Amino acid sequence: MVHDRVTQTDIAARAGVSVGVVSRVLSGRGDVSQQTRARVMRIARELGYVRGAEPRGRPASSPGNVVELALDGFDGSWGLEVVAGASRAAAKRGLDLVLVAERDEPGDDWAERVRDRRSLGVVTGLMTPTRQQLEMLRDTAIPLVVLDPRTDPPLSVPTVAAANREGGAKAARHLLELGHRDLLVVTGAPAYRFGRERARGFIAEIERTDECRVDSLAVGWSAAEARDGVLPAMRERAASGRPLGVFCTSDLFAAGVMRAAGAAGLSIPRDVSVVGFDDMPAFRRLSPALTTVRQPIREMAGAAVELLAEMIDARTLDLPGREIATELLVRRSTAAPGGDVSREGSRQS
């Protein structure tokens, strides 16, 4: 935890500059040499300075109780779920939530916009801040929580994600309990952090069982690419007549697998059992209904805002991250090899 009583005057005295210079550096404004800026920032970190913690209160330019949610897009079902969960958690905490879009424009950086608005903190979703962005936020003492990052952040930063590895293990146990011993994992290319964890959890659970075979296949990030990538394996399966259990690290891939199975003349779930991951609304209309591991997106977004609020209250930039439990939803896309359909509607936490 940082100290409460460190002021800009303390920093100025240690750095050998005026309070005005310190103020310009900490606000990210003004004409200050890079050397002076680096020295002031280093001393502020060493002293444990927290922006807005001086006895006179937060600067008049501060937005008060505003926190920000930065995403690479708000137009999909994932983004809508995140906004719903984050806004509800912010309201419970008495915080105002501002939405920040990542823009693919030169010279327009979301972290700079957050810094310039001097918000209390920020949650990012499905994108990994760069080292420069992380250092910018840390230098101005703005807490950050990363929700469901695609890659590991370059610096230590609290993250909130689904229990992806355990979710993959739940999918494996389900297929094993049905009697499947010939298995396939379908992952994405590029392989994001959450997909890797899901696949690792699945494979680790399968490897606990003797006489099992598990293969892996990476496909592009669309249902069409997944269909084309899996189709050769489905045709081979049709020729051999051997039943197959498939775990897809995304419902998107599961949709492609189901199309490929149909194109190869295979029946789901008699010939091929398919388990997805996410339970996104867009894929709940698949036929047969998809067995999947539910990712609790609203709960994850709410937990990210709650963690951010705790960091703000504690005046710290570092708290342990959190994992939110998943749930296996058993529907009609899985069954015993060549046997009856799984009991639809059952849930396994």
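This is a predicted model, so every value here is computed, not measured. We're numbering straight along the sequence, starting at 1.
- Between the side chain of H180 and the backbone N or O of A335 there is at least one donor-acceptor pair closer than 3.5 Å.
- Taking OG from S216 and CZ from F202, the interatomic distance works out to 9.0 Å, rounded to the nearest 0.5 Å.
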>> Run R235 and L266 through side chain to side chain contact (heavy atoms under 4.5 Å, CB included) and show every step you take.
In response: CA-CA 9 Å; R235 287 174 174 161; L266 297 171; over 6 Å; no

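- In this structure, CD in E68 is found 8.5 Å from CG in L97, a value given to the nearest 0.5 Å.
- Separating the CG atom in L252 from the CZ atom in F277 is a distance of 14.5 Å, to the nearest 0.5 Å.
- Between the OG1 atom in T209 and the CG atom in L176 there is a gap of 4.5 Å [rounded to 0.5 Å].
- The closest donor-acceptor contact from the side chain of D10 to the backbone of T7 lies under 3.5 Å.
- The pair R45-D139 meets the salt-bridge criterion, since a charged nitrogen lies less than 4.0 angstrom from a carboxylate oxygen.
- Ion pair K170/E166 not flagged as a salt bridge, since none of the NZ, NE, NH1 or NH2 atoms sits closer than 4.0 Å to an Asp/Glu carboxylate oxygen.
- Salt bridge annotation for E135-R138: absent, with no cationic side-chain nitrogen under 4.0 angstrom from a carboxylate oxygen.
- The one candidate from E323, Q295, R198 that meets the side-chain hydrogen bond (donor to acceptor under 3.5 Å, both in side chains) condition with N164 is R198.
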> Does the side chain to side chain contact (heavy atoms under 4.5 Å, CB included) test come out yes or no for V67 and D96, once each step is laid out?
Replying inline: CA-CA 6 Å; V67 295; D96 294 325; over 6 Å; no

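- Of the inter-residue distances, the one linking R14 atom CZ with R42 atom CZ reads 9.0 Å to the nearest 0.5 angstrom.
- Ion pairing of D215 with R213 is present here, as a side-chain N (NZ or NE/NH1/NH2) and a carboxylate O approach within less than 4.0 Å.
- Just one of D148, D152, T151 meets the side-chain hydrogen bond (donor to acceptor under 3.5 Å, both in side chains) condition when paired with R193; it is D152.
- Taking both residues in full, the closest heavy atoms of C212 and R181 are given as SG-CD, 3.2 Å, listed atom of the first, atom of the second, then distance.
- D109 places a side-chain N or O within 3.5 Å of a backbone atom of A111 that can act as its donor or acceptor partner.
- With salt bridges taken as basic N to acidic carboxylate O contacts below 4.0 Å, one links E299 and R294.
- Checked by atom type, the side-chain pair T292/D251 shows a donor-acceptor distance below 3.5 Å.
- The closest donor-acceptor contact from the side chain of R115 to the backbone of T140 lies at 3.5 Å or more, if one exists at all.
- R331 has a carboxylate O that lies under 4.0 Å from a charged side-chain N of D279, or vice versa, which qualifies the two as a salt bridge.
- Between W221 and Y192, the ring planes lie tilted relative to each other; the angle falls in the 30° to 60° range.
- In this structure, the side chain of R237 does not engage the main chain of P232 through any donor-acceptor pair within 3.5 Å.
- To the nearest 0.5 angstrom, S119 atom OG is 10.0 Å from N65 atom CG.
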>> Could you go through M300 and V82, starting from their C-alpha distance and side-chain angles, then the distance that decides it, and tell me whether this counts as side chain to side chain contact (heavy atoms under 4.5 Å, CB included)?
In response: CA-CA 8 Å; M300 290 161 55; V82 168; over 6 Å; no

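- Side chain to side chain, T334 and T291 meet the donor-acceptor criterion of an N or O pair below 3.5 Å.
- When atom types are taken as modelled, the side chain of S333 and the backbone of V274 share a donor-acceptor pair closer than 3.5 angstrom.
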